[in-house]
Novice: 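Structure incoming, see below.
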Amino acid sequence: MIRLQVTPAAEEKIVPAAQYGHFAEHLGRCIYDGIWAEDDSTKRSPEGYRTDVLEALQKLQIPVLRWPGGCFADAYHWREGIGAPESRPVRVNTVWGWPLENNRFGTHEFFRLCELLGCDAYLAANMGSGTVQEMADWVEYVTSDYDTTLTCERRANGREHSWKLPYLGIGNEVWGGGGFMSPDHYADLYRNWQNFAKPYNQTPLMKIACGASGEDYNWTERMMARVEPWMMQGLSVHYYVVPSGNWDAKGDAVRFTDEEYKETIRKALVMEELLTKHSEIMDKYDPKKQVALIVDEWGSWYDVTPGTNGAYLYQQNTMRDAVLAACTLHIFHRHTDRVKMANLAQTVNVLQALILTEGDRMLCTPTYHVFDLFRPHKDGVLLDIAGEIPVAEGLPAVSVIATKKDGEICISLCNPALQETELTLDVGAVAGEVLSARILAGDCHAHNTFDAPDAVCPVEYSGVTMENGLLHMTLPACAVAVVALR
């Protein structure tokens, strides 16, 4: 039996809603056949979006969406995605499998999507094959209400008033396919480029520099040493969980052993160490924490589903991924002083997707349901969790986060182990009654299919009792639960 205590924190820390951000790249079927419907499908809205996907994302209340990449961003020229759709140039997507890219989904379509979702826009600028002038023009096109040539062009293309642009990434994975740069070279380029990223409507613009891949702490060290905090409001980090550690044989998304399950979750928990060490470096140069740590891309990465295009990165999504997502979100919450945004890769049909589509059919994955269950945490005040949590084979017996918002307490729990866990939470200092409890559980291989789209979904959690300020529960193996208190 595990016993923990939930109490008010000595210092108020708020979970940024943007930690629940998402990422949509022109990769495989994420945009076309995912977010955007190219044909005359019954699922196509008058504006071109897939209505079922749009409705599912609206329900999730996503806070921010990063676009157009990813690696695709450094081959993307924004002017090719504006104007009459039938007049836009057709290119080859040389980054992801060489399919044709018709540019039907461009700047106007992206910002309209953000409006429909009620989320913030995050543009990734092309530093790899673009120019600083191209980036500056894009920012002007999006944010200017002056009577400039670019503003008039945007108006002629159907948008009278400027859009809000809260986030701009300058370069993507420049240590790899985004340019194969050294950190010092990129830092000097970034200093120049950021100077010309000027929003014309005077709304705050967070400029996000390309940061490290995983454990490359030297990259963070060099960036922080060479770029003053006032020049970059964010520094990114990318981290993917590859169970095997072998990019040529990453592991199957559905068929895996118990040991492969455990290794996947152990690798997911490495995020704690990554954020701690990158933050310690940033603290040396930026003790006031002016520069946010942005987890631009995160999630599981397995071998593609057999029979699908290897470059499209389509994979199934099981309860293993739900546990991975829950544990990772909890880690982000524990680092709210530095981690101000995180974007799951990717939104639809790619990697650890929220949603999968097949023709006119759609399903929500177990990962989607975790994001849905955890919605009350957004902008909530973190509470303290005290007590010892046993660890076996590198896996904690339970992962717990508690927040308070609008007089209600949300406690999210995840059991990453392959056996049930009994625990008691002393919540007498913060709450007195249980309002609701829901749980997402199943065998670690359990997943939704197009023939059984609701095989894995949240249900009422009856295994919770409250007595004298003590919350008792038994969490099944590989389960995620949320309890609301008052």
Side-chain angles (χ1 to χ4, degrees), residues 20 22-24 28-30 33-35 37 41-43 50-62 241 243 250-256 260-261 264-265 268 298-309 312-329 344-375 412 414-416 418 438-461 475-482:
Y20 288 82
H22 298 282
F23 170 35
R29 297 190 299 114
C30 183
D33 193 39
I35 290 170
S41 161
T42 57
K43 300 295 183 181
R50 275 193 67 127
T51 54
D52 51 356
V53 172
L54 186 63
E55 289 169 4
L57 294 177
Q58 287 171 330
K59 178 178 181 291
L60 211 56
Q61 299 174 335
I62 71 174
V241 174
K250 294 177 281 293
D252 196 277
V254 176
R255 294 176 293 276
F256 49 86
E260 287 172 325
Y261 165 85
T264 301
I265 305 306
W298 68 273
S300 59
W301 195 323
Y302 311 123
D303 293 332
V304 301
T305 298
T308 65
N309 189 317
Y312 285 7
L313 307 187
Y314 179 90
Q315 64 188 42
Q316 250 297 354
N317 192 296
T318 68
M319 274 302 302
R320 172 174 66 164
D321 299 291
V323 170
L324 186 157
C327 288
T328 303
L329 288 167
L344 177 70
Q346 293 190 12
T347 314
V348 188
N349 289 331
V350 173
L351 297 176
Q352 193 173 348
L354 299 170
I355 294 167
L356 302 178
T357 67
E358 182 182 82
D360 279 351
R361 298 193 291 179
M362 183 208 83
L363 64 82
C364 294
T365 67
T367 297
Y368 175 98
H369 293 307
V370 171
F371 273 75
D372 189 27
L373 285 170
F374 282 21
R375 276 189 295 140
S412 58
C414 177
N415 178 9
L418 292 176
R438 300 176 72 205
I439 191 167
L440 182 72
D443 178 88
C444 60
H445 304 89
H447 58 280
N448 295 324
T449 67
F450 294 104
D451 293 327
D454 298 318
V456 182
C457 61
V459 297
E460 293 301 312
Y461 183 21
L475 277 176
C478 193
V480 180
V482 167

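Here, residue 1 is the first one in the sequence, and each next residue gets the next number. Computation of the quantities below employed the complete heavy-atom set of this structure, encompassing side-chain atoms and omitting hydrogens, waters and symmetry-equivalent molecules. All of these numbers come straight from a predicted model, not from anything done at the bench.
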Novice: Not counting sequence neighbours, which residues clear side-chain contact (heavy atoms from CB on, under 4.5 Å) with Ala56? List them please.
Specialist: Ile355, Met362, Cys364, Tyr368

Novice: Among Thr357, Thr308, Asn309, whose side chain to side chain donor-acceptor pair (under 3.5 Å) with Arg29 holds?
Specialist: Thr357

Novice: Who pairs with Asp451 by side-chain contact (heavy atoms from CB on, under 4.5 Å), at least two apart in sequence or on another chain?
Specialist: Arg361, Thr449

Novice: Find out whether Asp443 and Cys478 are in side-chain contact, i.e. whether some heavy atom of one side chain is under 4.5 Å from a heavy atom of the other.
Specialist: no

Novice: Could you work out, with side-chain hydrogen bond (donor to acceptor under 3.5 Å, both in side chains) as the rule, every residue matching Thr305, not counting sequence neighbours?
Specialist: none

Novice: Can you find a heavy atom in the side chain of Glu260 that is under 4.5 Å from one in the side chain of Pro243?
Specialist: no

Novice: Indicate yes or no for a side-chain donor-acceptor contact from Tyr261 to the backbone of His445 under 3.5 Å, with no hydrogens or angles considered.
Specialist: no

Novice: Can you name the residues that form a side-chain contact (heavy atoms from CB on, under 4.5 Å) with Ala24, not counting sequence neighbours?
Specialist: Cys30, Ile31, Ile35, Leu65, Thr347

Novice: Taking the side chain as every heavy atom from C-beta outward, state whether Tyr312 and Asn349 have any atom pair closer than 4.5 Å.
Specialist: no

Novice: Can you sort out the partners of Asp321 under side-chain contact (heavy atoms from CB on, under 4.5 Å), two or more places apart, ordered by chain and number?
Specialist: Ser300, Tyr302, Asn317, Thr318, Gln352, Thr367

Novice: Contact between His369 and Asn448 at the side-chain level, heavy atoms closer than 4.5 Å - yes or no?
Specialist: yes

Novice: Tell me every residue that passes salt bridge (Lys or Arg N to Asp or Glu O under 4.0 Å) with Asp52, counting only those two or more places apart in sequence or in another chain.
Specialist: Arg50

Novice: Tell me, with the steps shown, if Trp301 and Leu313 meet side chain to side chain contact (heavy atoms under 4.5 Å, CB included).
Specialist: CA-CA 8 Å; Trp301 195 323; Leu313 307 187; 3.6 Å; yes

Novice: CE/Met319 to CG/Leu324 distance, rounded to the nearest 0.5 angstrom?
Specialist: 11.5 Å

Novice: So does Leu60 get a backbone contact from the side chain of Asp372, meaning a donor-acceptor N/O pair under 3.5 Å?
Specialist: no

Novice: Excluding sequence neighbours, so at least two apart, what forms ring-ring contact (aromatic ring centres under 6.0 Å, His included) with Phe374?
Specialist: His330, His377

Novice: Below 4.5 Å, heavy atoms only, C-beta onward: do Thr328 and Trp298 meet side chain to side chain?
Specialist: yes

Novice: Taking the side chain as C-beta and beyond, is there a heavy-atom pair between Val323 and Cys444 under 4.5 Å?
Specialist: no

Novice: Using the test side-chain hydrogen bond (donor to acceptor under 3.5 Å, both in side chains), find all partners of Asp360 that sit at least two apart in sequence or belong to another chain.
Specialist: Ser41, Thr42

Novice: Partners of His22 by ring-ring contact (aromatic ring centres under 6.0 Å, His included), sequence neighbours excluded?
Specialist: Phe371

Novice: Only one of Leu373, Ile439, Val370 passes side chain to side chain contact (heavy atoms under 4.5 Å, CB included) with Pro458; say which it is.
Specialist: Leu373

Novice: Would you check, one step at a time, whether the test side chain to side chain contact (heavy atoms under 4.5 Å, CB included) holds for Phe256 with Thr264?
Specialist: CA-CA 10 Å; Phe256 49 86; Thr264 301; over 6 Å; no

Novice: Go through the structure and list residues passing side-chain hydrogen bond (donor to acceptor under 3.5 Å, both in side chains) with Asp252, not counting sequence neighbours.
Specialist: Arg255

Novice: Could you tell me which residues satisfy side-chain hydrogen bond (donor to acceptor under 3.5 Å, both in side chains) with Arg438, sequence neighbours excluded, listed by chain and number?
Specialist: none

Novice: Output yes when a side-chain donor or acceptor of Asn415 lies under 3.5 Å from a complementary backbone atom of Pro476, and no otherwise.
Specialist: yes

Novice: Roughly how far, to the nearest 0.5 Å, is SG of Cys414 from CD1 of Ile265?
Specialist: 7.5 Å

